[in-house]
Asks: 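Pasting a structure below so you can have a look.
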There are 2 protein chains.
Amino acid sequence: MASQRLNSTAASLLGFLHDGPRTGAALYRTAESRIGDFWSLTRSQVYRELEAMTSAGLVRAGSRGPRDARTFTITAAGRAAFRSWADLDPEPETIRFPLLLLVGFGEHVAPARLREHLAAHRAIHAARLAAYEAIRDQAVAGTGSTSAAHVRSAADQPSPERRPFALATLAFGLAYEAAVLDWFADVERILPPPRDSE
Amino acid sequence: MASQRLNSTAASLLGFLHDGPRTGAALYRTAESRIGDFWSLTRSQVYRELEAMTSAGLVRAGSRGPRDARTFTITAAGRAAFRSWADLDPEPETIRFPLLLLVGFGEHVAPARLREHLAAHRAIHAARLAAYEAIRDQAVAGTGSTSAAHVRSAADQPSPERRPFALATLAFGLAYEAAVLDWFADVERILPPPRDSE
DNA sequence: TGGAGCATGTAATGAGTTACATGATTGG
DNA sequence: CCAATCATGTAACTCATTACATGCTCCA
């Protein structure tokens with residue numbers, strides 16, 4: 001009955017519940033800020049997984065509070081389930097990049113429009129890179145709590161215990177965004193240059 | 001009735017159908033080889049979308065052949081739908097990277113196991129980078145049809161018309177895999193080194 | 001004190017995956 | 001011509017997103 005392989009979303013919720021009981025909404029907020037950059041999820045998923053894990057005995061639900069809110073607490077079975085999830089080989093990553101589709105079908109797309117799309121997305125990625133750099137710079141500067149725009153709030157600062165792992169995931173964001181920006185430069189070189197009349 | 005925003009999977013099928021009528025299985029094969037690296041899909045999705053697009057008048061289904069196979073042909077409405085999809089701002093990409101979850105929850109994962117997972121995935125990405133490099137090298141060498149392992153079959157060579165776009169998407173794969181490999185090196189530096197007893 | 005805005009949770013729909021059924025092909 | 005294998009399509013299920021309902025909170 002116990003273990004059919006936990007999905008990664010559920011496992012993540014269990015991961016957060018190691019830090020103490022939380023309500024669904026709180027878990028959603030935490031997930032967004034701590035893993036949202038490489039694991040998308042929605043509020044509905046959180047509640048669905050909590051419900052399922054309650055039935056499975058991995059978490060225990062408290063009684064209803066203010067807005068029908070319940071706090072969920074991880075059980076011993078929940079900790080065990082998390083551990084066996086962490087022991088399995090992680091699935092390969094999936095990337096779904098609509099802009100690349102557009103480039104791949106470039107022959108059927110108006111060249112000017114394609115360039116507009118590319119420019120817009122380059123700007124987005126430049127901003128994300130800058131945001132990650134700001135977080136990194138703040139992290140290396142110590143706990144100087146000057147909270148700039150796009151920088152995670154002080155409440156989300158990793159504990160000393162967690163810091164190297166948070167830095168490691170941040171490093172991925174930095175490497176990824178830098179690579180994407182390089183790619184935009186590649187594309188400029190590869191694609192046929194605009195013809196005069198456009 | 002006509003246009004509620006086409007999803008990207010459906011749009012891609014329309015994209016392929018620009019090259020002529022195709023059967024569901026053929027579309028699936030083409031999709032895997034031409035966009036599979038940045039847009040995952042399954043056979044079931046292909047058939048579902050074709051069914052829906054038939055109802056919507058974007059494609060026309062031929063009569064049943066050999067194994068109940070039907071060929072689908074793009075209609076004028078289908079071309080129009082593809083064009084308006086291509087005109088909309090593409091959605092931001094989504095990445096779901098289970099290995100990063102594991103790193104993010106590193107505090108709760110056995111250090112030795114975490115390193116094993118990292119090593120296994122580094123090998124996968126090294127292989128993917130090598131495969132992309134092989135494709136690139138073959139592409140720049142002209143149509144020399146020495147088909148090595150991991151290299152796309154000659155049937156999938158882009159037409160001259162399509163070549164710059166195929167190179168641009170390939171460039172993404174190269175940039176991405178290189179960045180991931182860099183990141184593995186970062187992680188080595190960031191994470192606490194193994195303690196003697198492990 | 002009442003109502004505008006927001007936080008929390010739920011329901012309905014859409015997309016994606018896995019597992020299966022059925023019909024061709026091919027080699028002995 | 002039969003059996004093993006593979007290609008094609010479908011059905012059942014899981015996961016993900018969007019749109020909604022309801023109830024707090026806080027300020028005019």
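This structure is a prediction, so every number in the text was calculated from the model and none was measured. What's counted below: heavy atoms across the whole structure, side chains too, no hydrogens, waters or symmetry copies. Quick note on labels: first sequence line is chain A, next is B, and so on, each numbered from 1.
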Asks: Kindly assign one of parallel, tilted or perpendicular to the pair Trp183(B) and Phe172(A), based on the angle between their ring planes and the thresholds 30° and 60°.
Replies: perpendicular
Asks: Taking CE from Met53(B) and P from dA15(C), how many angstroms apart are they, rounded to a whole number?
Replies: 12 Å
Asks: Could you state the CD-C1' distance from Glu49(A) to dG9(C), rounded to the nearest angstrom?
Replies: 16 Å
Asks: Not counting sequence neighbours, which residues clear side chain to side chain donor-acceptor pair (under 3.5 Å) with Thr9(A)? List them please.
Replies: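 Side chain to side chain donor-acceptor pair (under 3.5 Å) check on Thr9(A) returns Trp39(A).
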Asks: Side-chain N or O of Arg29(B) less than 4.0 angstrom from OP1 or OP2 on dT8(D)?
Replies: yes
Asks: Nearest whole angstrom, please: distance from the P of dA7(C) to the CD of Glu32(A).
Replies: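 In whole Å, dA7(C) P lies 12 Å from Glu32(A) CD.
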Asks: Give a yes/no answer on whether the side chain of Thr23(A) brings an N or O atom under 4.0 Å of OP1 or OP2 in dG9(C).
Replies: yes
Asks: Donor-acceptor check, side chain of Thr75(B) to backbone of Gly57(B), threshold 3.5 angstrom: yes or no?
Replies: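 Yes; at least one donor-acceptor contact below 3.5 Å.
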Asks: Within the pair Asn7(B) and dG14(C), is there a side-chain N or O less than 4.0 Å away from OP1 or OP2?
Replies: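 It does not, given that no N or O in the side chain of Asn7(B) lies less than 4.0 Å from OP1 or OP2 of dG14(C).
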Asks: Starting at the 5' end of DNA chain D, which residue's closest nucleotide do you reach first, Gly24(B) or Glu91(B)?
Replies: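 Closest to the 5' end, via its nearest nucleotide, is Gly24(B).
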Asks: CZ of Arg96(B) versus P of dA15(C): gap in Å, rounded?
Replies: 16 Å
Asks: Would you kindly give the OH-to-P distance between Tyr28(A) and dC6(C), to the nearest whole Å?
Replies: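 Between P of dC6(C) and OH of Tyr28(A): 16 Å.
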Asks: May I ask you to evaluate whether Ser44(A) reaches the phosphate of dT13(C), defined as a side-chain N or O under 4.0 Å from OP1 or OP2?
Replies: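 So the side chain of Ser44(A) is outside the cut-off, no N or O lying under 4.0 Å from OP1 or OP2 of dT13(C).
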Asks: Rounding to an integer number of Å, can you tell me how far Arg48(B) CZ sits from dA11(D) C1'?
Replies: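 Roughly 12 Å, once rounded to whole Å.
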Asks: If we ignore hydrogens and angles and just use 3.5 Å, is the side chain of Arg96(B) paired with the main-chain N or O of Ser40(A) as donor and acceptor?
Replies: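 Flag set: sc Arg96(B) to bb Ser40(A) pair under 3.5 Å.
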Asks: What heavy-atom pair brings Leu102(A) and Pro90(B) nearest, and what distance separates the two atoms?
Replies: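 Smallest interatomic distance, heavy atoms only, reads CD2-CG, 4.0 Å.
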Asks: Can you measure Arg43(A) atom CZ to dT18(D) atom P for me and round it to whole angstrom units?
Replies: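 The distance from CZ of Arg43(A) to P of dT18(D) comes to 12 Å, rounded to the nearest Å.
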Asks: If I take atom CZ in residue Phe72(A) and atom C1' in nucleotide dT8(C), what distance separates them, rounded to the nearest angstrom?
Replies: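 Distance check: Phe72(A) CZ to dT8(C) C1' gives 12 Å.
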Asks: Please tell me which of the listed nucleotides, dT8(D), dC15(D), dG9(C), lies nearest to the side chain of Tyr47(A)?
Replies: dG9(C)
Asks: Which one, dT17(C), dA15(C), dC15(D), comes nearest to the side chain of Thr42(B)?
Replies: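 The nucleotide sitting nearest to the side chain is dT17(C).
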Asks: May I ask you to verify if any side-chain N or O of Gln45(A) is less than 4.0 angstrom from the OP1 or OP2 atom of dA16(D)?
Replies: yes
